[in-house]
Amino acid sequence: MTEHNAAGSRWTDLERPPLNTPALRRGLIVPGRLWTSLDVVTATGSTNSDLAARADELPEGAVLVAEEQTRGRGRMDRKWSAPARSGLFLSVLLRPGPDVPVERWGWLPLLTGVAVATAVARAAGVDTALKWPNDLLVKVGGEERKAGGILAERAADDAVVVGIGLNVSLTESELPVPGAGSLALANAVSVDRDPLLRAVLRGVEHWYGTWRDAAGDPAASGLQEAYAAGCATLGRPVRAELPGERQLVGDAVAIDGDGRLVIATEGGGQEAVGAGDVVHLRAA
């Protein structure tokens with residue numbers, strides 16, 4: 001059942017309750033831990049943009065959640081839209097600090113992917129996989145579909161804003177693009193967003209702390225191994241669409257120490273891809 005809310009949204013769903021902000025704060029904002037504030041807004045253009053604009057005045061660990069994003073962004077400036085209260089749309093502010101070399105900050109979106117995938121499996125009972133570098137895949141009727149994505153952006157000189165978008169209760173008719181997915185369509189045992197959000201943020205806190213304690217070393221922290229274990233891209237033929245309209249076709253064989261996807265080409269060589277779009281191909 002749907003109704004029109006005061007803002008005129010056609011997506012207000014009586015079966016999609018708002019997040020319980022006071023309870024979330026009680027469970028997540030603990031002195032001496034990572035998360036320092038948690039705000040939930042009814043709607044905004046982009047939580048990443050909003051949090052980045054305030055990066056200079058906020059401490060590490062600020063969390064901004066929107067019940068609805070009207071100008072959500074994915075990688076390569078793709079749009080991300082969904083009905084109000086149908087998913088998790090949030091950004092977190094991180095300051096890896098001087099102990100983590102800047103060149104290792106590129107692991108943050110992959111780290112977040114591992115945390116989100118683990119949280120979804122535990123809190124929603126949905127098997128998930130990661131598509132390099134930052135898409136979350138679920139199975140809908142045996143077909144791999146994208147149900148979530150991650151976007152990390154530098155904010156100020158010493159900060160990174162990491163945005164997470166996750167389709168939770170979307171129905172087939174509400175999907176933003178054909179071939180998208182949601183936890184509900186993947187037969188989630190629960191689409192309650194409160195425990196799911198807590199699981200996501202606790203997962204990010206765990207992996208971020210472990211990674212930072214290892215000075216951002218992906219091998220020593222176990223992050224590189226964990227990402228590879230959950231990455232659906234590895235071990236299959238792919239086409240990488242690279243900057244400059246160049247394409248690279250081959251088998252995805254590894255994630256290197258810089259978080260790049262290593263592709264073995266037909267000529268016997270290997271190339272590490274750090275930016276671009278990767279398409280999973282069907283095996284010959």
Side-chain angles (χ1 to χ4, degrees), residues 1-2 10-17 19 66-69 72-76 78-90 109-110 112-151 163-200 203 226-241 252 261 277-284:
M1 181 184 297
T2 60
R10 63 194 175 96
W11 293 116
T12 301
D13 192 322
L14 298 179
E15 296 182 356
R16 289 172 172 155
L19 291 164
E67 295 285 27
E68 181 177 18
Q69 274 196 137
R73 292 173 291 120
R75 287 179 65 249
M76 309 178 102
R78 293 192 178 98
K79 306 302 182 211
W80 181 283
S81 62
R85 304 197 297 271
S86 67
L88 293 179
F89 321 111
L90 67 142
L110 283 73
T112 305
V114 170
V116 174
T118 304
V120 167
R122 288 177 177 170
V126 173
D127 286 334
T128 58
L130 297 163
K131 176 176 177 283
W132 185 90
N134 57 4
D135 288 346
L136 188 80
L137 303 179
V138 299
K139 287 281 186 72
V140 178
E143 175 191 11
E144 278 185 343
R145 295 198 190 182
K146 177 181 175 179
I150 295 152
L151 180 65
I164 301 166
L166 180 65
N167 293 337
V168 178
S169 64
L170 274 79
T171 63
E172 194 78 44
S173 64
E174 293 172 329
L175 295 173
V177 294
S182 71
L183 302 189
L185 291 173
N187 299 318
V189 297
S190 171
V191 291
D192 187 339
R193 294 179 305 142
D194 282 77
L196 185 57
L197 178 57
R198 286 196 294 271
V200 165
Y227 186 89
C231 183
T233 305
L234 293 180
R236 64 200 296 173
V238 298
R239 181 179 69 251
E241 298 172 354
L261 181 67
D277 219 14
V278 169
V279 178
H280 289 174
L281 303 176
R282 294 185 183 277

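Heavy-atom basis, side chains included; hydrogens, waters and symmetry copies ignored.
Heavy atoms from other residues, nucleotides or ligands lying under 6.0 Å from CZ of R236 number more than 12.
Ion pairing between a basic and an acidic side chain is recognised when a charged N comes within 4.0 Å of a carboxylate O; E174 and R85 show no such pairing.
With contacts defined as side-chain heavy-atom distances shorter than 4.5 Å, the pair L166/L183 qualifies. Put simply, the side chain of L110 does not reach to within 4.5 Å of the side chain of C231, judged on heavy atoms. Between E15 and S169 the shortest side-chain heavy-atom distance does not fall below 4.5 Å. Considering only heavy atoms from C-beta on, L88 stays 4.5 Å or farther from V116 through its side chain. In this structure, the side chains of K139 and E144 come closer than 4.5 Å at one or more pairs of heavy atoms. Two residues are said to be in side-chain contact when any heavy atoms from C-beta on lie closer than 4.5 Å; L261 and L234 meet this criterion. In this structure the side chain of L136 reaches within 4.5 angstrom of the side chain of L130, judged on heavy atoms.
The OG1 atom of T128 lies 8.5 Å from the CG atom of L137; values are rounded to the nearest 0.5 Å. Expressed to the nearest 0.5 Å, how far CZ of F89 lies from CG of N167 amounts to 6.5 Å.
Among all heavy-atom pairs drawn from P195 and A123, the shortest one is O-CB, 4.3 Å. Taking each heavy atom of A186 and V126 in turn, the nearest pair found is CB-CG1, 3.8 Å. When all heavy atoms are compared, the tightest approach of L170 to S182 is O-OG, 2.8 Å. Closest of all the heavy-atom pairs between L185 and R145 is CD1-NH1, 4.3 Å. Contact between Y227 and W132 at its shortest, heavy atoms only, is OH-CA, 3.3 Å.
Partners of A226 by side-chain contact (heavy atoms from CB on, under 4.5 Å), not counting sequence neighbours, listed by chain and number: V114, W207. By the side chain to side chain donor-acceptor pair (under 3.5 Å) test, T233 is found to be paired with H280, residues two or more places apart in sequence or in another chain being considered. In this structure, R198 has no salt bridge (charged side-chain N to carboxylate O under 4.0 Å, His left out) partners at least two apart in sequence or on a different chain. Taking R239 as the reference, E241, Q247, V249, V279, L281 meet the side-chain contact (heavy atoms from CB on, under 4.5 Å) condition, with sequence neighbours excluded. Applying the side chain to side chain donor-acceptor pair (under 3.5 Å) criterion to T118, with sequence neighbours excluded, gives no partner residue.
Pairs passing the side chain to side chain donor-acceptor pair (under 3.5 Å) check and including a residue from residues 186-196, sequence neighbours excluded, read E67-R193.
Side chain of K131 to main chain of V278: a donor-acceptor pair is present (N/O by atom type, distance under 3.5 Å, no hydrogens or angles).
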